[in-house]
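Worksheet: one structure, shown below.
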Amino acid sequence: MRMSKLFFQTLREAPADADVRSHQLMLRAGLIRQVAAGIFEYLPLGLRAKKKIEAVLRNEMNAIGGQEIVMPVVQPADLWKRTGRWYEIGDDLARLTDRGGRELVLGMTHEEVITELAAGVISSYRQLPVMLYQVQTKFRDEPRPRGGLIRVREFTMKDGYSFHASYASLDDYYPLVYQAYFNIFGRAGLEVIAVESDTGMMGGTMAHEFMALTEVGEDTLLLCDECGYKANRQVATFTKPEGGADAGEEPLPMEEVATPGVDTIAALADFLEIPQSQTAKALFLMATVEQDGEEKQQFVFVVLRGDMELNETKLSNALKARQLRPAQPEEIRAIGAEPGYGSPVGIRRENMILVVDDLVPRSPNLVAGANRDGWHIKNVNCGRDYEPDLVLDVVAAADGHPCPVCSAPLRSVRGVEVGNIFKLGTKYSEAMEAVFLDEDGKSAPLVMGCYGIGVGRLMASVIETSNDEDGIVWPITIAPQHVYLVSLATRRTPEVIEAAERVYADLMEAGIEVLYDDRDERAGVKFNDADLLGIPIRLTIGARGVKNGIAELKLRRDDDMHELPLDDLVDRIAEIVEAEEARVLDSIKTDPLQ
RNA sequence: CGGGGAGUAGCGCAGCUCGGUAGCGCGCUUCGUUCGGGACGAAGAGGUCGGAGGUUCAAAUCCUCUCUCCCCGACCA
């Protein structure tokens, strides 16, 4: 490809509304353009990188028996009604109506469609297991797209779905996908870790997320450097201490204490000069739950120890709540509690659930609110002064908490979820009546797994983790082009143009991907654009070199200059491309599946 | 949805307080000189100042409404 004809433009300055590094670089390098919030165009170079990633995806999916199909973006609402997700999912699901008044959705994922498809094709255990996948556009009307391609509304996803005759078969297959995912990310030059994750709206029994560790990530992960435990904060557990500072202490009589204007835990601990672990934190939430097929609002009172944070995912899962929101002050007062001074002691227990974190009953003599503005109660004891409805682990693991496996301190890091794998089970096959006949001639629902990778997000993550102050540093495996050929010709040096043209033609002839900078620009402009674009191999043809029969070679990833003889260039470049590819492949790291 | 910020040429910005011919840098076009890490000179093209109302002799500037984008939070298969 000739730069002089390439449809793009590099930018010296990053657009003001990009503040994530990968976003800035992709815009500056002319890989993408933004059309609307979370909606992007791919320009030629960006698309080439995207297609390289897709080629890796296809290759690895095919290697574990995947068969590629394509399903529609626009799907009938009826399918989504059958699984209930039409009702469960809120505004993230874009809905539209066709000319005949029929309701449609833009596919945000394809479980419904593929399960229906599988139901139509699969009738016997002899057809199982089978893995189907597609590389297709998804639309999710995210409330807040951000970070360029990190979080978007319209995106390309590789989504795969496996169908099995039994859970045992799914259990056998799942590790193959797990390994294929490491191969994919490794081949794309992205280091990831796999963490256990919440199964969320997908449902299912087991799930892993593949996370690229970077500060721009939206997920918090907890890692143990000692034993290797790692989990998304949403599901992470930790070894809870035996009790508070006063563990083992005898319960003391309750005592009211005036605390004017002290309506936060931090202020309370300061005011009474006690650690936050000696306080009780009261949280009031409204949960949307299903009861007898009806949606219902359920008031939830949660008591945590003051030094802990609520993990809403844990609570939500335990209550099987569809939604959780903070309760309004009038809702809180309706049960006889006072916002800012909430306490489980002396409240009206009708129409509410009192959930207590399991650390609270082990922590005697806590200071709780008095349900009265400006007052707290000392020496509140769970079990003596109030009876919880549920005692659960509902607190969030945080940096420094003891590992649940080995008790070493956990470390919290940020990560971008670039892929996920789920054991779905029969949730969708039952809803869609996707059944097969087993060996005994009995009808049974298909057992499913599903596996996703966001292509653009993967690309952004690679750039996010592989760049320097001058620009992108592409791994050669997914770089838009392998070679950036710089011609430093001027009008007085036609022999340089001639040599560069010949090298370009030879490289093309040999099937080597080359971006030829034939623009009438000064050397500095070309070198700076070369650095910005991040093509792995830079080849420079200048007057000096041509006189001596050499070209100059520099790899984007290091600072060393090399000289290559012009008459042996093509073979040498081919070797280097191969060596650089091998280098990426050699660095693939896999986490054992736990 | 809550909080904050911003919309003026392709990109980065000034002008707005105090109403009076729409500017600067980069990029783009043409010509000339230059040519190994973002050259120089000359001459140009390019903007309904996000949109709609209003106030005024006169609105980028003041008022009202509205749209869009970004950041933090809520949310997130």
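Per chain, numbering begins at 1; letters A, B, ... match sequence-line order.
At most 12 heavy atoms of other shown residues, nucleotides or ligands fall within 6.0 angstrom of atom CG in A:Asp520. The 12-atom threshold is not exceeded at CZ of A:Arg33, counting heavy atoms of other residues, nucleotides or ligands nearer than 6.0 Å. Applying the 6.0 Å contact sphere to CG of A:Asp91 captures no more than 12 heavy atoms from other residues, nucleotides or ligands. For A:Glu430, the CD atom counts as densely surrounded, since its 6.0 Å shell holds more than 12 non-hydrogen atoms of other residues, nucleotides or ligands.
Close to B:C75, at under 4.0 Å from its OP1 or OP2, lies no side-chain N or O of A:Arg325. Neither OP1 nor OP2 of B:G10 sits under 4.0 Å from any side-chain N or O of A:Arg33. OP1 and OP2 of B:C35 both lie 4.0 Å or more from every side-chain N or O belonging to A:Arg491. Between A:Arg12 and B:G12 there is no side-chain N or O to OP1 or OP2 distance below 4.0 Å. Remark: A:Gln9 is not in phosphate contact with B:C28, judged by side-chain N or O atoms under 4.0 Å from OP1 or OP2.
Taking the P atom of each, B:G12 and B:C57 are spaced 38 Å apart, rounded to whole Å. Separation of the P atoms belonging to B:G5 and B:A45 is 39 Å when rounded to the nearest angstrom. Nucleotides B:C62 and B:C75 are separated by 38 Å at their P atoms, to the nearest Å. With C1' as the reference atom, B:A14 and B:G47 are 15 Å apart, rounded to whole Å. Comparing B:G51 with B:C76, their C1' atoms sit 32 Å apart, to the nearest whole Å. Atom C1' of B:C69 sits at a distance of 23 Å from the matching atom of B:G27, rounded to the whole Å. Taking atom P in both B:C13 and B:G7, the straight-line distance is 9 Å, to the nearest Å. Between B:U61 and B:A22, the distance separating the two C1' atoms is 12 Å to the nearest Å.
A straight line from CG of A:Asn528 to P of B:C26 spans 16 Å, rounded to a whole angstrom. Following rounding to the nearest Å, A:Asp520 (CG) and B:G36 (P) show an atom-to-atom distance of 13 Å. Here B:G38 presents its C1' atom at 12 Å from CZ of A:Phe527, a figure rounded to the nearest Å. Remark: P of B:C28 and CG of A:Leu11 are 11 Å apart, rounded to the nearest angstrom. One can place CG of A:Asp219 at 13 Å from P of B:G73, the figure rounded to the nearest angstrom. Remark: C1' of B:C76 and CE of A:Met211 are 12 Å apart, rounded to the nearest angstrom. The CD atom of A:Glu469 sits 17 Å away from the P atom of B:G37 (whole-angstrom rounding). As rounded to whole Å, 11 Å separates atom P of B:A74 from atom CD of A:Glu218.
Set against B:C76, B:C13, B:G36, the side chain of A:Thr540 has B:G36 as its closest nucleotide.
Among the atoms of the strands shown, none is found under 4.0 Å from any heavy atom of A:Gly148. A:Asp531 comes within 4.0 angstrom of a base, heavy atoms only. Using a 4.0 Å heavy-atom distance criterion, A:Pro15 is classed as a sugar-phosphate-only contact. As judged by a 4.0 angstrom heavy-atom cut-off over every strand, A:Gln24 is placed among residues making no nucleic acid contact. Residue A:Asp529 is in base contact, counting any heavy-atom pair closer than 4.0 Å across all strands shown.
In this entry B:G2 has B:C72 as its Watson-Crick or G-U wobble partner, both defining distances falling under 3.5 Å. Using N1 to N3 plus N6-O4 or O6-N4 for Watson-Crick, or N1-O2 and O6-N3 for G-U wobble, each under 3.5 Å, B:U61 pairs with nothing. Base pairing of B:U21 is not made with any nucleotide, judged by Watson-Crick or G-U wobble geometry with both donor-acceptor distances under 3.5 Å. With a cut-off of 3.5 Å on both pairing distances, B:G46 has no Watson-Crick or G-U wobble partner at all. The base-pairing partner of B:C40, taking Watson-Crick or G-U wobble contacts with both distances under 3.5 Å, is B:G32.
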Residue pair A:Tyr181, A:Val192: steps toward the side-chain contact (heavy atoms from CB on, under 4.5 Å) verdict: CA-CA 10 Å; A:Tyr181 267 43; A:Val192 296; over 6 Å; no

Applying side-chain contact (heavy atoms from CB on, under 4.5 Å), run through A:Arg556 and A:Trp474 and close with a yes or a no. CA-CA 8 Å; A:Arg556 180 64 180 89; A:Trp474 282 112; over 6 Å; no

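With hydrogens and angles left out, the side chain of A:Arg28 and the base of B:G12 share no donor-acceptor pair within 3.5 Å. Donor-acceptor pairing under 3.5 Å, judged by distance alone, is present between the side chain of A:Glu552 and the base of B:G36.
For A:Phe301, the ring pair (Phe, Tyr, Trp, His ring centres under 6.0 Å) partners at least two apart in sequence or on another chain are A:Phe284.
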